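First up is the structure itself, then whatever we jot down about it.
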Amino acid sequence: MLLRVRKGWELPESAATDETVFRQRRELVKSMGLGSVLLAGGGMGLPALASTGGDPSAHLYPVKRNEKYTLDRDLTEEKYATTYNNFYEFGSHKKISAAAQELVIRPWTVKIDGAVEKELTVDIDTLLKQMPLEERLYRFRCVEAWAMAVPWSGFPFKALVDFAKPLGSAKYVQMETLADKKTMPGLKQFWYPWPYLEGLSIEEATNDLAFIATGIYGKPMPKQNGAPLRLAVPWKYGFKSIKSIVRFTFTEKRPISFWEKTQAREYGFWANVNPKVDHPRWSQATEQLLGQSGRVPTLLYNGYAEHVAHLYKDLEKSEGDRLFR
Ligand code: MTE
């Protein structure tokens, strides 16, 4: 992220999948009762898709779509969303999807600690059984000015906050990614402040839009996209959407995230999308859609202002442009 992203996109425009095609295919697969088996195999003459890699949660997907969240653009074709990634634990470049297959996702536990009624550690499959899984179509905007539109499966962050029972003193929730030297070669880059950390205010985490994603494209989350659970906060730059979370810590103190520690002038705590506030090294006015040619305008709060702008009204004076980087 410290390097300027290449200009232009090398993938052909024909690559983007129309949402209708995606939905028809999903419905057909469902009606045949073949679920993720067929999806993973890429049947019906459609391109082969990434396999679920034996994920024991595969039977949970696809989940019912929450129709409240609609898109004004085509979904990004799966092959782009799953092969053009940022996951610095596996390398500081975009082609980490093969390396990320080393990530061990079972057993996987999630620790909930800090300012909560009772600290606890929960196994991912136990957690998945208790959470209200649904699918949401969200836009995604990376701070590097590329963007995509993806169908996440998962549950509202609010459901996890309710499960965690934070104390009244908790003002923020800090999230932490697994840091496993054996499987994550990126951790050798000692100049980065591992583990990857991110945070939200409690108001943000309990906003309807904040989502913990556990799957994508009707299947469990691929490792490169942050299996088995990652954040999806579509009104913020993509670096806030922390992957492969092992810990949620409720705290009174505002967390200092991985990127803020690395380069505070460029990557702050709030990181809300705003086309009018440039990154110190590039414009944020437009974005490149993965798999398509040409750029499109970027929208305030990435098009989600009606859901989240109110969260920042009181902060406008004190934080100013810091709300947007
Ligand atoms: N989470 C961890 N643990 N490590 C990372 O390097 N990169 C972030 C975010 N979450 C990152 C992370 C950045 S910069 C982006 S743009 C998104 O993940 C990319 O998500 P994607 O690969 O699913 O598109």
Side-chain angles (χ1 to χ4, degrees), residues 66 68-72 112 114-116 131-132 134 136-143 147 149-150 152 154-176 197-213 229-242 245 248-260 264 266-279 284-285 287 297-325:
N66 181 340
K68 185 174 163 194
Y69 303 99
T70 53
L71 291 175
D72 58 345
I112 294 176
V116 289
M131 292 292 119
E134 62 181 48
R136 294 185 182 189
L137 308 183
Y138 275 177
R139 297 154 66 114
F140 181 96
R141 171 60 155 82
C142 177
V143 73
V150 291
W152 302 108
F155 51 87
F157 200 147
K158 183 168 185 320
L160 186 95
V161 174
D162 292 345
F163 175 80
K165 300 195 177 71
L167 302 176
S169 57
K171 293 196 172 56
Y172 300 92
V173 54
Q174 173 178 294
M175 290 149 277
E176 188 177 317
L197 278 191
E198 259 308 335
L200 294 177
S201 71
I202 294 290
E203 290 75 21
E204 291 177 324
T206 54
N207 180 273
D208 278 350
L209 261 190
F211 200 59
I212 301 288
L229 76 169
R230 54 105 35 101
L231 185 64
V233 278
W235 72 100
K236 291 181 177 285
Y237 290 118
F239 66 86
K240 294 294 293 183
S241 288
I242 179 172
I245 303 170
F248 293 85
T249 305
F250 290 80
T251 165
E252 284 175 45
K253 255 182 76 184
R254 186 161 110 183
I256 304 178
S257 74
F258 177 88
W259 284 110
E260 194 176 358
E266 303 193 350
Y267 312 108
F269 176 77
W270 300 107
N272 296 310
V273 176
N274 187 336
K276 294 200 173 126
V277 179
D278 287 343
H279 182 277
Q284 295 292 25
E287 60 205 42
T298 289
L299 301 175
L300 182 62
Y301 294 110
N302 200 22
Y304 294 101
E306 61 173 310
H307 299 274
V308 295
H310 67 275
L311 295 172
Y312 307 103
K313 276 276 155 262
D314 293 346
L315 292 165
E316 275 168 9
K317 258 210 183 115
S318 58
E319 297 289 299
D321 280 359
R322 281 194 301 270
L323 283 176
F324 305 106
R325 57 168 65 116

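Since this is a predicted model, take the numbers as computed values, not measurements. Quick note: residue numbers are just sequence positions, from 1.
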For the residue pair [X] and [Y], what are the closest heavy atoms and their distance?
X	Y	answer
E287	A147	OE2-CB, 3.5 Å
V277	D321	CG2-OD1, 3.8 Å
V161	P166	O-CD, 3.2 Å
A159	M131	CB-SD, 3.7 Å
R230	F140	NH2-CE1, 3.9 Å
A213	W152	CB-CE3, 3.7 Å

Has [X] got a side-chain atom pairing as donor or acceptor with [Y]'s backbone, closer than 3.5 angstrom?
X	Y	value
Q284	V143	yes
K240	F269	yes
Y267	S257	no
R325	D278	yes

Could you measure the distance from the [atom1] atom of [X] to the [atom2] atom of [Y]? Nearest 0.5 Å is fine.
X	Y	atom1	atom2	value
D72	L137	CG	CG	11.0 Å
K171	R254	NZ	CZ	13.0 Å
L200	M175	CG	CE	4.0 Å
F155	F211	CZ	CZ	8.5 Å
F239	E266	CZ	CD	10.0 Å
I245	E198	CD1	CD	10.0 Å

By side chain to side chain contact (heavy atoms under 4.5 Å, CB included) - contacts of [X] (at least two apart):
X	answer
A305	Y301, A309
T249	D113, Q174, R247
L315	W270, Y312, S318, E319, L323

Counting C-beta onward and ignoring hydrogens, is there a side-chain heavy-atom pair between [X] and [Y] closer than 4.5 Å?
X	Y	value
H307	D208	no
Y304	Y138	yes
K165	V116	no
V233	E204	no
F258	I242	no
F250	L167	no
H279	Y237	no
H310	N207	yes

- Task: Using a cut-off of 6.0 Å, state whether more than 12 heavy atoms not belonging to D314 lie near its atom CG.
- Result: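 For D314, atom CG is not crowded (no more than 12 foreign heavy atoms under 6.0 Å).
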- Positive for side-chain hydrogen bond (donor to acceptor under 3.5 Å, both in side chains) with W235, one of N272, N274, N302: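 The passing option is N272.
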- Is the distance between the ring centroids of F248 and F163 under 6.0 Å?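 Centroid separation for F248 and F163: 6.0 Å or greater.
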